[in-house]
There are 2 protein chains.
Amino acid sequence: MTQAPRPEAAGLDTVLGKAVTILRAFRPDDRAVPLAELVRRTGLHKATVHRLAAALVANRLLDRVDGGYRPSGGLFELGMLASPERSLLEVAVPFLQDLYERTHETVHLGVREGHDIVYVAKIGGHRQVRAPSRTGGRMPLHCTAIGKALLAHTDDALRQEVLTGPLERRTPHTLVAPGALRRQLREITETGVAFEREESTVGIQCVAAPVLGGDNAAVAAISVAGPTGRFRPERYVTQVRAAAAGLGSMLNRRGPRDR
Amino acid sequence: MTQAPRPEAAGLDTVLGKAVTILRAFRPDDRAVPLAELVRRTGLHKATVHRLAAALVANRLLDRVDGGYRPSGGLFELGMLASPERSLLEVAVPFLQDLYERTHETVHLGVREGHDIVYVAKIGGHRQVRAPSRTGGRMPLHCTAIGKALLAHTDDALRQEVLTGPLERRTPHTLVAPGALRRQLREITETGVAFEREESTVGIQCVAAPVLGGDNAAVAAISVAGPTGRFRPERYVTQVRAAAAGLGSMLNRRGPRDR
DNA sequence: GCATTTCGTCTCGCTCAGCGATACGCGCCG
DNA sequence: CGGCGCGTATCGCTGAGCGAGACGAAATGC
């Protein structure tokens, strides 16, 4: 149990580690990354990247396209094998759907992964707010509604870890004072809902509720997000809470076997 | 219940190939696969699987759990980097959402991958039909509404290939006569909608419409599915077509640069 | 109860897959 | 024209990866 300073320190000395490093070097929004750019991002030797990229293409994890390489459909399929995310998603969709239909605002489902949240689903209509969140994307725990909902309903050790760690300031409204944050978390635990007022992104507000597992720890959280102007997060407290509770009891009925 | 020998003969002589083989050995619905089972499925040496699985865990592609291994959240994240699927998904969600709200039936979005379709999204409510389709899952082209819609709007070479190849019979209603299928495809091209009446799964019917790219080839297809009893696919022709057309023009406006 | 099988883990020499320095052809710039 | 960044190809060196096998623990059979 050594405290890993870099949780992200995968082995760069093994083929597999390098391959994964290359895959992870892709960012959500680049359409095609040239070889040279991959070399820069990974720090690997040019020949190595060349060879491995070719191997990845052969294994249908990458596509060779005009401007370089890009993650392929095969990778997408593979990702969908991830059982916790997948089964969660499948059970959750109807609830998210309901919630969207009642609110017509952007709905998120997220789980915790380290000190971040990972969005497992994001649904919204045409008129949806321009948010930086993306399915499969990450956000810090301390400055998002989902993150705070998760953080409030998790074991003390992790909460302590996050609170004492550096709290990145993402906007002028981000809570970076551990005391204030801790107070808010306590309140969230009591009320069962978390708010976020432009703490991760200027112009966006959220309400979130935790999805509790059998042991009263949060396994996920659901949020509704909208633009600061017209959007009143308080209005959706009941709906969000209902959706999260419904999903929670459904998951527990099915079998509390995940995570 | 042994699976047929793998038609996807990726390189088993390279580390990477083996690793990918192990990852692909997981089926959508197993929660945890023990080492021995992986050995059986992959045909690799026990020590090799042991070693590689450990390496995959170290690289956060697998999780070590009680009963063995399972694909992890890291893999999910990686999969979401797949740009064609992802950007398609992000643009499509609002349209799927609309369609669901109008029909309240299960809505699918699928793309072609080889002779199969891969579901990129599946949304539905609580009352949704028990369908075998899953996000990230596969189905043959010739026996699904989405598949036929795609097949009808693709280049002749591929269509020919599928038509002359073996057409697996999935249910008593599956079209396995190339002539009949070809006739139906022609009709689909003209009308712009494809029907499926219990051809892939008994008890399920579908309507699908192709999403056409700039070159008039289908880049994806959208479908609505429901149970044979109450569900009348004809009723949704207009809505499905509208959704597909809307998505198509949106994609083309944004930039016809994929696939 | 013991015998047997199945499973996960670990060890240990052999060897070939993977390595990276180096080089080459190309298009693009000033 | 010379320099630069790019993708690609070559080629010996070597250690990462290999798989036969051993071993203890646990399940299964008798």
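Convention: sequence-line order gives letters A, B, ...; per-chain numbering from 1.
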- Query: Who passes side-chain contact (heavy atoms from CB on, under 4.5 Å) against A:Ser133, sequence neighbours left out?
  - Reply: A:His108, A:Tyr119, A:Lys122, A:Ala131
- Closest approach of A:Val57 to A:Arg64 (non-hydrogen atoms, all atoms of both residues): CG2-N, 4.3 Å
- Query: Can you give one letter per nucleotide of nucleotides 6-20 of chain D, going 5' to 3': B for a protein heavy atom under 4.0 Å from the base, S for sugar-phosphate only, - for none?
  - Reply: SBB--------SBBB
- Task: Return the set of residues passing side-chain contact (heavy atoms from CB on, under 4.5 Å) with A:Val91 (not counting sequence neighbours), or none when no residue passes.
- Result: A:Leu247, A:Met250, A:Leu251, A:Arg254
- Task: Would you please name every residue forming a side-chain contact (heavy atoms from CB on, under 4.5 Å) with A:Val33, sequence neighbours left out?
- Result: A:Phe26, A:Asp30, A:Glu37, A:Leu38, A:Arg41
- Query: What are the bounds, 5' to 3', of the part of DNA chain C that sits under 4.0 Å from heavy atoms of chain A?
  - Reply: C:dG18 to C:dA21
- Could you pull out the closest heavy-atom pair between B:Leu52 and B:Lys18, with the gap in Å? CD1-CB, 3.5 Å
- Message: Which residues pass the side-chain contact (heavy atoms from CB on, under 4.5 Å) test with A:Arg134, not counting sequence neighbours?
- Response: A:Pro28, A:Asp29, B:Arg86, B:Glu90
- Query: Taking all non-hydrogen atoms of both residues, which atom of B:Ala82 and which atom of A:Ser72 are closest, and how far apart?
  - Reply: CB-O, 3.3 Å
